[in-house]
Structure formats: C-alpha cells, structure tokens
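Notes to accompany the following structure.
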Protein chains: 2
Amino acid sequence: MPDSPEQLDYVSFVDYAIDRVTAGGAAVDPVAMRLVLTLHRVTSALVYDVESGVHRPRGLSWPGFRVLFVLWLAGPLEAKRVAELSGMSRAAVSALVNTLERDGLVSRSRAEHDGRAVTLALTPGGIESITDAYLAHNAREQVWASALTGPEQRTLIGLLQKLMDGPAAESARRRT
Amino acid sequence: MPDSPEQLDYVSFVDYAIDRVTAGGAAVDPVAMRLVLTLHRVTSALVYDVESGVHRPRGLSWPGFRVLFVLWLAGPLEAKRVAELSGMSRAAVSALVNTLERDGLVSRSRAEHDGRAVTLALTPGGIESITDAYLAHNAREQVWASALTGPEQRTLIGLLQKLMDGPAAESARRRT
DNA sequence: CTCCGATCATCAAGGCTTTGACTATCTCGC
DNA sequence: GCGAGATAGTCAAAGCCTTGATGATCGGAG
C-alpha cells in the first residue's frame with residue numbers, strides 16, 4: 001500500500017498515483033498509465049544525466065549535440081534535412097544553428113542548386129568537438145545499458161520499436 | 001544495408017548512424033547506442049503526441065499538466081514537495097506556477113508553520129481542468145500502450161524500472 | 001538570546017521549443 | 001513564358017528549463 005502524501009518521493013509517487021487514480025473507478029488503464037509515467041521518467045533522467053555530465057562541461061547542449069551528430073554522420077546537409085533526421089522543427093534548427101555558428105562549430109552556406117536552401121556543414125572545430133563528445137556520450141550510454149543483460153537490452157529495444165510502429169506514433173512519424 | 005544519406009528519414013537514420021559509427025571500429029557499443037537513441041525518440045514522439053493532441057487544445061502544457069496532476073493526487077503541497085514529486089527544480093516550479101496562477105488553476109498561500117514556504121493548491125477551476133485533462137490523457141496513453149500485448153507492456157515496464165534502478169540513474173534519483 | 005549556517009522561494013540571464021507570419025525562391029500548368 | 005501555389009529559411013511572441021545569485025526565514029550551538 002502506497003505511503004501517505006507526506007513521505008512520498010519521486011519514485012514512490014508513481015505507485016501512489018496509480019493507486020489513487022484507479023480507486024476512482026473510472027475508465028482508467030493503470031498499466032498504460034505506469035508505462036507512460038515510467039518511460040517519461042527514465043528518459044528525463046537519462047537526458048539530464050548525459051547532458052549535465054557529458055555535454056554541458058564541453059559547452060554543448062543535448063539538442064546541439066544532436067545536430068552536430070547528424071551532420072557528422074550524414075555529411076553536409078540542407079537545414080531541412082537536418083530537421084528531418086534529428087526530429088526537430090525547421091525553426092528550431094534555425095535557432096540552434098545560430099548558437100552553433102556563433103561557437104564556430106557549424107557553417108552556413110547557400111545551397112548550389114536552390115536559392116532558398118542553406119547548406120549546413122561542420123567546421124574543423126565542429127568535427128573535433130563531436131568526435132570527442134560522442135565517445136564520452138557512448139561511454140555514458142554503456143553505463144546506462146549495463147543495468148540490463150544483453151538479451152534484456154535487445155528485448156527493450158524491440159518493445160520500444162514496436163511502440164514506435166504502433167497506431168499512436170502515426171502522427172509523430174509523419175511530422176516534418 | 002543502410003541507405004545513402006540522400007534517402008534517409010527520421011527512422012532509418014538510426015540504422016545508418018549505428019552502421020557509420022561502428023565502422024569506425026572505436027570503443028563504441030552499438031546496442032547501447034540503439035537503446036538510448038530509440039528510447040529518446042519514442043519518448044519525444046509520445047510527449048509531442050499527447051501534448052499537442054490532449055493538453056494544448058485545453059490550454060495546458062505538458063509540464064503544467066504534471067504540476068496539476070501532482071497537486072490533484074497529493075493534495076495541497078509546499079512548492080518544494082511539488083518539485084520533488086514532479087521531478088522538476090524548485091525554480092522551474094516557481095516559474096510554472098506563475099502561469100498556472102495567472103490562468104486561475106493553482107493558488108499560492110504562505111505555509112502555516114514556515115514563513116519561507118509557499119503552499120500550492122488547486123482552485124476549483126484547476127480541479128475541473130485536471131479531471132477532464134487526465135481522462136483524455138489516459139485515453140491517449142491507452143492508444144499508445146495498445147501497440148503491445150499485456151505481457152509485453154509489463155515486460156517493458158519492468159525493463160524500464162530496472163534501468164531506473166541501475167548505476168547510471170544514481171545521480172538522477174538523488175536530484176532534488 | 002543571539003548569531004550563523006542551512007533552507008525556501010524567487011529572480012536573472014541564457015538557451016531551446018512551438019506556432020504562425022513573412023520573404024524569397026522554385027516549379028509546374030497553361 | 002508566366003502566374004499560382006508550394007517550399008526553404010527566418011523572425012517574433014510566448015513558454016519552459018537550467019544555473020547561480022539574492023533576500024527572507026528557520027533552527028540549533030553556544
């Protein structure tokens with residue numbers, strides 16, 4: 001039985017909340033509730049951990065890292081493609097690149113064949129930065145993953161992919 | 001074999017990225033990489049879907065919903081407790097409550113026994129708002145969860161909890 | 001009783017995100 | 001060829017987040 005409100009903490013609140021809500025007897029699915037709550041909490045913790053431990057000390061933000069990562073692997077790209085591959089809006093990429101350009105990590109140039117488009121590319125400093133940051137990033141990913149056995153890791157990936165293939169993710173997959 | 005950069009999309013980029021990075025031969029764990037990438041993408045998609053489909057149309061943000069949700073279930077609480085239970089910083093709660101108070105959903109009052117503390121409570125309008133929003137929120141959670149069978153849902157929750165109990169989440173769990 | 005360190009809330013600066021509007025440019029049908 | 005509609009990038013307003021400082025209050029040591 002969940003604690004009383006006075007002694008709850010971040011973790012036990014999930015149990016408490018599920019208990020309270022389902023006591024109402026309404027059309028609430030406690031398993032779906034716990035799934036979403038737990039998924040969101042794990043991801044928040046992971047992003048906070050990696051961002052504050054790996055990227056901020058190097059002068060990067062998590063979103064900045066994502067843009068650098070995409071450009072690092074998929075070469076010079078138009079801003080629109082960066083937005084698609086990183087899952088951000090074009091406006092967000094534009095704003096983010098202001099910072100990355102100011103810091104000398106990314107360069108903007110007009111696309112050859114299209115006067116509207118802008119081509120984004122890593123500068124030498126950007127390449128150096130992402131190479132270093134990614135090694136530390138993956139090292140931290142390995143610490144997170146080490147909480148699970150190899151087979152568990154693969155099972156988790158499979159279940160997350162199935163979630164991404166489900167009906168609810170439909171709208172998100174179509175977002176450009 | 002992953003596509004060439006020109007034909008990549010949000011989903012196939014993950015395969016492409018893993019292929020490119022591991023080709024480098026460095027000390028990179030592709031499974032940990034895929035795990036974190038997939039986890040982050042699923043959660044982003046879910047938050048975007050629920051926020052834009054459920055909360056924004058009702059005049060709430062996802063973080064605003066979280067604060068209302070905590071206050072709804074755990075009664076009037078001091079701002080510090082709300083921060084702990086919702087996993088936000090005290091400064092973030094303070095800023096968020098400015099909006100919620102302006103919108104007439106939450107009220108601030110000085111705590112009885114401590115002149116420094118502020119007690120937060122839902123207004124009648126706040127109760128009405130969160131009651132309605134939560135039903136729609138859970139309905140959408142059920143759509144997401146429906147991509148998995150019941151046993152799969154429980155397995156996923158278990159694996160996520162194990163991740164949260166692992167060594168890497170240590171720092172995040174201690175965050176107040 | 002008083003002082004000093006701890007704690008609470010808030011503010012300030014800087015960064016990221018969203019939506020919607022706006023400009024420049026491209027492309028296709030006629 | 002040319003005009004209409006689509007598209008790329010950017011800007012603006014509003015909101016939320018973080019860290020670090022600030023001011024008020026608490027509580028215990030002496």
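Fair warning: this is a prediction, and the values are worked out from it, not measured in the lab. Chain naming here is simple, since letters A, B, ... match the order of the sequence lines and numbering starts at 1 in each.
Between B/S61 and D/dG15 there is no side-chain N or O to OP1 or OP2 distance below 4.0 Å. Within the 4.0 Å cut-off from OP1 or OP2 of C/dT17, not a single side-chain nitrogen or oxygen of A/S89 is found. Taking side-chain N and O atoms only, B/R116 has no distance below 4.0 Å to OP1 or OP2 of C/dT10. OP1 or OP2 of C/dC16 lies within a sub-4.0 Å distance of a side-chain N or O belonging to A/T99. The phosphate of C/dG15 has neither OP1 nor OP2 within less than 4.0 Å of any side-chain N or O from A/R56. Phosphate proximity of C/dT10 to B/R108: present, with a side-chain N or O under 4.0 Å from OP1 or OP2.
Between A/S61 and A/R56, some side-chain heavy-atom pair lies under the 4.5 Å cut-off. Two residues are said to be in side-chain contact when any heavy atoms from C-beta on lie closer than 4.5 Å; B/D49 and B/W144 meet this criterion. When side chains are defined from C-beta on, A/V28 counts as touching B/Y134, because their heavy atoms get closer than 4.5 Å. Taking the side chain as every heavy atom from C-beta outward, A/R108 and A/S94 approach each other to under 4.5 Å. Residues B/L77 and B/L120 fail the side-chain proximity criterion, which asks for heavy atoms closer than 4.5 Å.
Using a 4.0 Å heavy-atom criterion, one finds that A/R66 contacts no nucleic acid atom at all. Using a 4.0 Å heavy-atom distance criterion, B/A95 is classed as making no nucleic acid contact. When heavy atoms are screened at a 4.0 angstrom cut-off, B/A111 is found touching no nucleic acid atom at all.
If you find the closest nucleotide of DNA chain C to B/S94 and to A/V93, the one lying nearer the 5' end belongs to B/S94. Summary of the strand contacts: A/A91 and B/H113 both lie near DNA chain D, and taking for each the nucleotide with the nearest heavy atom, the more 5' one is attributed to A/A91.
In this structure, the CH2 atom of B/W62 is 20 Å from the C1' atom of C/dT19, given to the nearest Å. Distance CD (A/E51) to P (D/dC16): 19 Å, rounded to an integer number of Å. Distance, B/L96 CG to C/dA9 P: 15 Å, rounded to whole Å. For the pair A/R81 CZ and D/dT7 P, the interatomic distance rounds to 15 Å; values are reported in whole Å. In this structure, B/E78 atom CD and D/dC26 atom P are separated by 12 Å, rounded to whole Å. Across the protein-nucleic acid pair, A/K80 atom NZ and D/dT10 atom C1' stand 16 Å apart, rounded to whole Å. One can place OH of A/Y48 at 16 Å from C1' of D/dC16, the figure rounded to the nearest angstrom. A straight line from CG of A/L100 to C1' of C/dG15 spans 11 Å, rounded to a whole angstrom.
The listed nucleotides are C/dC26, C/dC16, D/dG9; the one nearest the side chain of A/D114 is C/dC26. For B/A117, counting side-chain heavy atoms from C-beta on, the closest listed nucleotide (C/dC11, C/dC8, C/dT18) is C/dC8. You'll find that the side chain of B/A92 is closest to D/dT18, out of C/dT25, D/dC11, D/dT18. Candidate nucleotides C/dC26, D/dC17, C/dC11 were compared by shortest atom distance to the side chain of B/N98, and C/dC11 ranks first.
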Evaluation steps, side chain to side chain donor-acceptor pair (under 3.5 Å), between B/D165 and B/Q161: CA-CA 6 Å; B/D165 293 337; B/Q161 274 168 351; over 6 Å; no
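Side-chain heavy atoms closer than 4.5 Å link hydrophobic residues (I, L, V, M, F, W, Y) into clusters, and following such links, possibly through other members, connects A/I127 to A/L96. Residues A/V31 and A/L156 fall within the same hydrophobic cluster, defined by Ile, Leu, Val, Met, Phe, Trp and Tyr side chains chained together at heavy-atom separations under 4.5 Å.
Here CG of A/L71 is found 9.0 Å from OG of A/S86. Values are rounded to the nearest 0.5 Å.
Taken residue by residue, residues 118-130 of chain B places heavy atoms nearer than 4.0 Å to DNA chain C at B/V118.
For B/R90 against C/dA9, a side-chain N or O and a base N or O form a donor-acceptor pair under 3.5 Å.
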